[in-house]
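The structure under discussion is supplied below as structure tokens; questions concerning it will follow.
Hydrogens, waters and symmetry mates are skipped; everything else that's a heavy atom, side chains included, is used. In this text, all values refer to a predicted model and were calculated from it rather than measured experimentally.
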Amino acid sequence: MNKKVKYLLFFVTLTSLLFLSCQIGLGKEVDLEAPTITLTKMQSGTVELPSAKFGGGIYCGKKVSFFGTATDNEGVDSVYAEIKWSNETEYKHFADATLTGETFRFDLTFEQNGTAYIKFVATDKAKNYNVNSSKVVTLLVDDQAPVGEAWYIDRHINGITYPLKDIEELKKVDFNSQDNKDVAQNVEFSICSAFKDEMGIKPGSISIQIKNEKNELICTIPNSSTNDYSPVFKITHDTLVKGNATLATGRHFLQIWYNAEDIVELPDSNKAQDVQVPCGWFVWEPESDNPKITQSPLPAENTDEVLVNVKDTVYATLFDDDGLKEVFCALLKSSEYNQIKDNQNLVTNIQEIFNRVPEAERSSRVKNYTPSSTERDVVLSFTAPDSPQGMYLVCYVKDVYEKTTTKVQLINVTDATAPILHIASPANNSVPNVTMSSDSKSATVTIEGQTLDTSGCTYLEFLWVPNSFDTDNNKKAEKANAVFNSISSSDYAPQSEDNAKQSLLEN
């Protein structure tokens, strides 16, 4: 190609480029300006918070509204919000604003509590963006009041604790059992718990209320601990009695309620007011501070005496909820006991009791024990003599606070190599109660007692002797014995329960 042609093509190309450039300049300019977003306030309920106070995070409930403006040289296309919770790494779309000209409004509802980062973004049609096109606000979302859990009693004794329980469960407790010595409270103790809240507990806001079975308020106890998350509520005898004088004595079932408040500011803090602790009952009994004494076996029903066979073992259990200091027990013969029973210092005068027991028998019938400072239970055992007789188990115990308890228990030692019948009711061979039927054709007689035998009793029959009543007891006994002796031993064959009942009705 010659030079003239080349120059011509270059001139045409340059002219075309200049022409196209001039054509573009005559149209609309390219939009390179990013929108600007401004937050003006947040509203929660009737409370408004200006944007100047948005820094550092905002405590709020689950429903809030944000207001602001968004501007752009070509007009704002949209305003939206993204959310990222503290345990997440990326933002996700959350809500679109309601736009009215250059103003917008967000009505946000959160489905959970926690720390949320909200990014508000304004866009134009050209999708321009710079640092002024978005704003990030940290929200501390919490609409739940503090919650108290894991309630228990600190007994102030060697770290011993006891849980709060349901009232019906507590009413079934055997308070005379050594296993239940920590159930009833007395003198001084503390109620403890563990509290939690999403954002924080307001200092000094936690307290408990103590109410009785009638739901009557006895007293309010503040948290005595500096830790609001592990509060301690100290309760004393004087505090309870001052709230209700009837608590000075007796056994009472009391319940715990609590109050707490968090640090949320909008619209108001979340408050737990008069919250009933589930299964939050405890027992208050001033007398439970005294040491206790029990024996095994227990007395027969409706009597005050313990029935044992010869050479059986009798156990004395002495215990205290605080700690024992001195323990003394003796198994005395009736003659020995009768010599000292009128002494006002019967049990506390240990030396006198000690002297009444023959020296050869002291090691087996007298037990004097000094517990360690942490011992709360002592079990002493005695062997019943090899001949039937009445005896007395004499016990004395002193706790670490010098409180004492004494007990004298009648022990009836019997020789049960042959069956023995012990009638407990009616007492003293008195006439039993007879309940006639409505047609006067039958009657019900109730007799209670025990049968004792080394090999066990196989059956028991009841013989009713009619027309044996007489004002002269000797004649009455003679009539009854005459009928009894007239019955052949073969008549004593064991009967079924139904046959025995029928036999009674016929006689």
Side-chain angles (χ1 to χ4, degrees), residues 148-194 206-225 231-259 274-295 298 317-324 374-378 397 399-401 403-405 407:
E149 301 176 328
W151 294 86
Y152 66 94
I153 297 170
D154 180 354
R155 304 213 60 235
H156 298 179
I157 305 167
N158 302 324
I160 296 172
T161 63
Y162 194 82
L164 297 180
K165 294 189 175 184
D166 179 73
I167 184 173
E168 297 304 323
E169 182 180 359
L170 290 174
K171 286 185 175 181
K172 296 177 182 178
V173 168
D174 178 8
F175 290 91
N176 291 319
S177 169
Q178 68 181 108
D179 295 332
N180 298 322
K181 58 183 171 292
D182 293 314
V183 178
Q185 308 308 311
N186 54 72
V187 184
E188 179 183 297
F189 63 101
S190 291
I191 299 291
C192 303
S193 180
I206 297 181
S207 64
I208 62 170
Q209 294 176 327
I210 300 178
K211 299 182 181 182
N212 60 20
E213 290 185 73
K214 298 179 181 179
N215 207 32
E216 297 170 336
L217 176 63
I218 296 171
C219 59
T220 299
I221 310 293
N223 176 21
S224 59
S225 169
V232 176
F233 308 95
K234 187 176 180 180
I235 301 172
T236 65
H237 175 277
D238 292 344
T239 301
L240 292 176
V241 174
K242 183 178 179 181
N244 190 322
T246 63
L247 299 180
T249 60
R251 183 176 299 156
H252 305 269
F253 298 89
L254 306 178
Q255 190 181 29
I256 300 297
W257 302 59
Y258 71 84
N259 299 286
D274 298 336
V275 178
Q276 185 177 11
V277 176
C279 297
W281 293 84
F282 68 94
V283 179
W284 168 256
E285 184 179 12
E287 292 81 2
S288 68
D289 191 41
N290 298 320
K292 290 183 174 63
I293 302 170
T294 62
Q295 78 289 317
L298 296 173
T317 301
L318 307 96
F319 59 95
D320 184 75
D321 67 322
D322 299 312
L324 299 174
T374 58
E375 281 187 270
R376 302 194 299 154
D377 307 82
V378 170
V397 59
D399 71 5
V400 292
Y401 294 110
K403 290 190 174 184
T404 62
T405 296
K407 183 176 182 179

Cationic N near anionic O, under 4.0 Å, Asp321 to Arg155: yes
Sequence neighbours excluded - ring-ring contact (aromatic ring centres under 6.0 Å, His included) pairs with any residue from residues 151-173: Trp151-Phe195, Trp151-Tyr258
Nearest-0.5 Å distance that lies between atom CD in Gln185 and atom CD in Glu285: 10.5 Å
Rounded distance [0.5 Å steps], CZ in Phe175 versus CG in Leu170: 6.5 Å
Intermediate values then yes/no, side-chain hydrogen bond (donor to acceptor under 3.5 Å, both in side chains), Ser288 and Asn186: CA-CA 6 Å; Ser288 68; Asn186 54 72; 2.7 Å; yes
Centroid-centroid under 6.0 Å between Phe253 and Phe282 rings: no
Gln255/Gln276 under side-chain hydrogen bond (donor to acceptor under 3.5 Å, both in side chains): CA gap, chis, key distance, verdict: CA-CA 8 Å; Gln255 190 181 29; Gln276 185 177 11; 3.1 Å; yes
Under-4.0 Å salt bridge between Asp320 and Lys292: no
Spacing of Lys211 atom NZ and Asn244 atom CG [to the nearest 0.5 Å]: 14.0 Å
Check: Asp174 side chain, Asn176 main-chain N or O, donor-acceptor pair, under 3.5 Å: yes
Glu213 side chain near Ile167 side chain, heavy-atom distance below 4.5 Å: yes
Lys234: partners by salt bridge (Lys or Arg N to Asp or Glu O under 4.0 Å), with sequence neighbours left out: Glu188
Lys242 NZ: over 12 foreign heavy atoms closer than 6.0 Å: no
